[in-house]
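Inspection log for the structure reproduced underneath, given as structure tokens.
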2 protein chains.
Amino acid sequence: MKRNTSHASASDELRISRRKPKTGTLGKALEVLDVIALSEKPPRFTDLLGLIDQPRGTLHRQISNLVAEGLVSVNADHSYVPGLRLLKLAARSWSGNSFRQLAEPHIARLHDETGETVHLGLMNGLEVIYLDKIESKQTVRMHSQVGNASPLYCTGVGKAMLALLPEEDCAARAAEFDYVRHTETTLYTPELLLGEMAEIRSSGISYDREEHEPGIRCIAAGLGSLESGIIAGVSVTGPAFRISQDEMTAWKSLVLETARAIESDMEARLGPRSQE
Amino acid sequence: MKRNTSHASASDELRISRRKPKTGTLGKALEVLDVIALSEKPPRFTDLLGLIDQPRGTLHRQISNLVAEGLVSVNADHSYVPGLRLLKLAARSWSGNSFRQLAEPHIARLHDETGETVHLGLMNGLEVIYLDKIESKQTVRMHSQVGNASPLYCTGVGKAMLALLPEEDCAARAAEFDYVRHTETTLYTPELLLGEMAEIRSSGISYDREEHEPGIRCIAAGLGSLESGIIAGVSVTGPAFRISQDEMTAWKSLVLETARAIESDMEARLGPRSQE
DNA sequence: AATCGAGTTCCAAATAACGGAACTCTGAAT
DNA sequence: ATTCAGAGTTCCGTTATTTGGAACTCGATT
């Protein structure tokens, strides 16, 4: 005789949903991995002991397991770095990602037509994760940002994606950001951010007016839907010294067309059956 | 007086020495993740149940934990794909990798001088993992292989790295490969493979004469050392229809110089102190 | 309505993780 | 050379998590 145990009881969950998914041992191991991955310098055992609230013996075993599994490598000087297995796992995940595959020709075309750097981003919680990128010609840095995450509130694709959400969700997320005023023009309060939403919603286009990095501008469009479970965005990015705001605006229809084209491919290929 | 607890009886141990690092819960979770990452099509719950020897309830919880941690995502149709968190972790691991950073300018120069695709690979067990790549100009596929793994025996960098090992280690690995004859010219036995080693050792250069993929040729040099704990390699790859074997050979000194230059940077920057 | 298949939940028993303390190693100070 | 301090590692009884079988729910099919 089973009753409704009701996993998500209304009152309990109001507080804070951060960092309490109760994933047991796995969660603890990943906390360690996260700390190692996020460290600027490869941490040594004692560094980790200070950063993670675990007894010596326990932490040591956790790290040992991570090392044994190849998720973490240990240098000669006993400092720890993320392991190659992560790269391997991520590479498979990336190259097999059907959404990315589907979007690739479209962003390639957008790149050909604009000649500037093009990004494909995916919404993930309060961040945008860059799934793909095509660099402008001779830029030195390569494939740098694939897999990188940025906050939603200060990026072109991020704002475009926010605007796709129902207003209540949008406002809820706006309230959750840890706003950092990266530049003069950063929208650093929920009010400023929400103030742009109406315009983005009606035009389908959002701009990053050097809001995240000085000298970097971008035009973006959101795509996807809640039903499909995919909220994404495409953008064209360029240096402010070469691309004026007006030139950005001129790409509006190209960017919108690209977003619409990806969406129609999504319907065609992901809709009927979730075939790869 | 270690007691053999239960499942792994003595006779089983003889079978296969692979996959027995005893990493407890973490290992089991990663086995699931591996299966999901390696699947061609996103598996559904029942598929996984067939592929992994675990009872329903257990497997379900393991997957739930992976999902809760963001290592796995679940599609609308209950099929599972690797999660975005993997990309994020790997991106940090990649961009923070000090060896890659150090090698980057050198392979960039090699690319400029040859005009062809250049790879940086790292030895990992019986495989080479590509740490970085600079594509030839207008190639369509981008950052495709970073993080990808290939067998040592049929790639240019792989053979070059093998040749750096002491002969006994080299022979030991040669005996362990699961040889697949990818093309006509694949070295598909330990004897064929070891037969090339002397030449590679003396010249410092190895060739992939369409041994992995038809129509793809490459010249490579190994670098690093056992003491440093890094065994790596650089290569220039090109299509056979455009690049003759002689043209490849002409790059010999460029490739060697690049390898030596990276090595001297390693000594300078990784040697004194493992500073990032 | 009944059946089947797929996915999900539950709980006592089994097992793996915990954590304090003891041990070893390394390099610096005496 | 000896001592010492700090870092890293191992051990083992206790504790908490994982396990795995079975029961349950939901949807599609007959």
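Every value quoted in this text rests on a predicted model; they were computed, and no experiment measured them. Below, chain A is the first sequence line, B the second, and so on; all start at residue 1.
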Between [X] ([atom1]) and [N] ([atom2]), how many Å, whole number?
{"X": "B/Q54", "N": "D/dT19", "atom1": "CD", "atom2": "P", "value": "6 Å"}
{"X": "B/N75", "N": "C/dA6", "atom1": "CG", "atom2": "P", "value": "18 Å"}
{"X": "A/E31", "N": "C/dA17", "atom1": "CD", "atom2": "P", "value": "17 Å"}
{"X": "B/I63", "N": "D/dG20", "atom1": "CD1", "atom2": "P", "value": "14 Å"}
{"X": "B/L48", "N": "C/dG7", "atom1": "CG", "atom2": "C1'", "value": "12 Å"}
{"X": "A/D53", "N": "C/dG20", "atom1": "CG", "atom2": "C1'", "value": "15 Å"}
{"X": "B/I52", "N": "D/dT18", "atom1": "CD1", "atom2": "C1'", "value": "16 Å"}
{"X": "A/L49", "N": "C/dG20", "atom1": "CG", "atom2": "P", "value": "12 Å"}

Check your understanding: Going by heavy atoms in the side chains, are A/W94 and B/V146 under 4.5 Å from each other?
Key ->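 No - every pair of side-chain heavy atoms lies 4.5 Å or more apart.
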My understanding is that only residues two or more places apart in sequence, or in another chain, count here; which of them pass side-chain contact (heavy atoms from CB on, under 4.5 Å) with [X]?
{"X": "B/A163", "answer": "B/M197, B/I200, B/R201"}
{"X": "A/A174", "answer": "A/Y179, A/P190, A/L193, A/L194"}
{"X": "A/V32", "answer": "A/I36, A/I52, A/L59, A/Q62, A/I63, A/L66"}

Exercise for review: Only counting residues at least two apart or in another chain, list the ones meeting side chain to side chain donor-acceptor pair (under 3.5 Å) with B/E263.
Suggested key: B/R260
Exercise for review: Supply the atom-to-atom distance A/I230 CD1 to B/S73 OG, rounded to the nearest 0.5 angstrom.
Suggested key: 10.0 Å
Taking 4.0 Å as the cut-off, does a side-chain nitrogen or oxygen of [X] come that near to OP1 or OP2 on [N]?
{"X": "B/T25", "N": "C/dA17", "answer": "yes"}
{"X": "A/K28", "N": "C/dC18", "answer": "yes"}
{"X": "B/Q62", "N": "D/dT19", "answer": "yes"}

Practice item. Between protein and nucleotides 7-14 of chain D, map the contacts as a letter string: B base, S sugar-phosphate only, - none, heavy atoms under 4.0 Å, written 5' to 3'. Key: SBBB----
Study note, to complete from the structure: Residues pairing under ring-ring contact (aromatic ring centres under 6.0 Å, His included) where one sits in residues 54-92 of chain A, two or more places apart or in two chains, turn out to be A/F45-A/H60
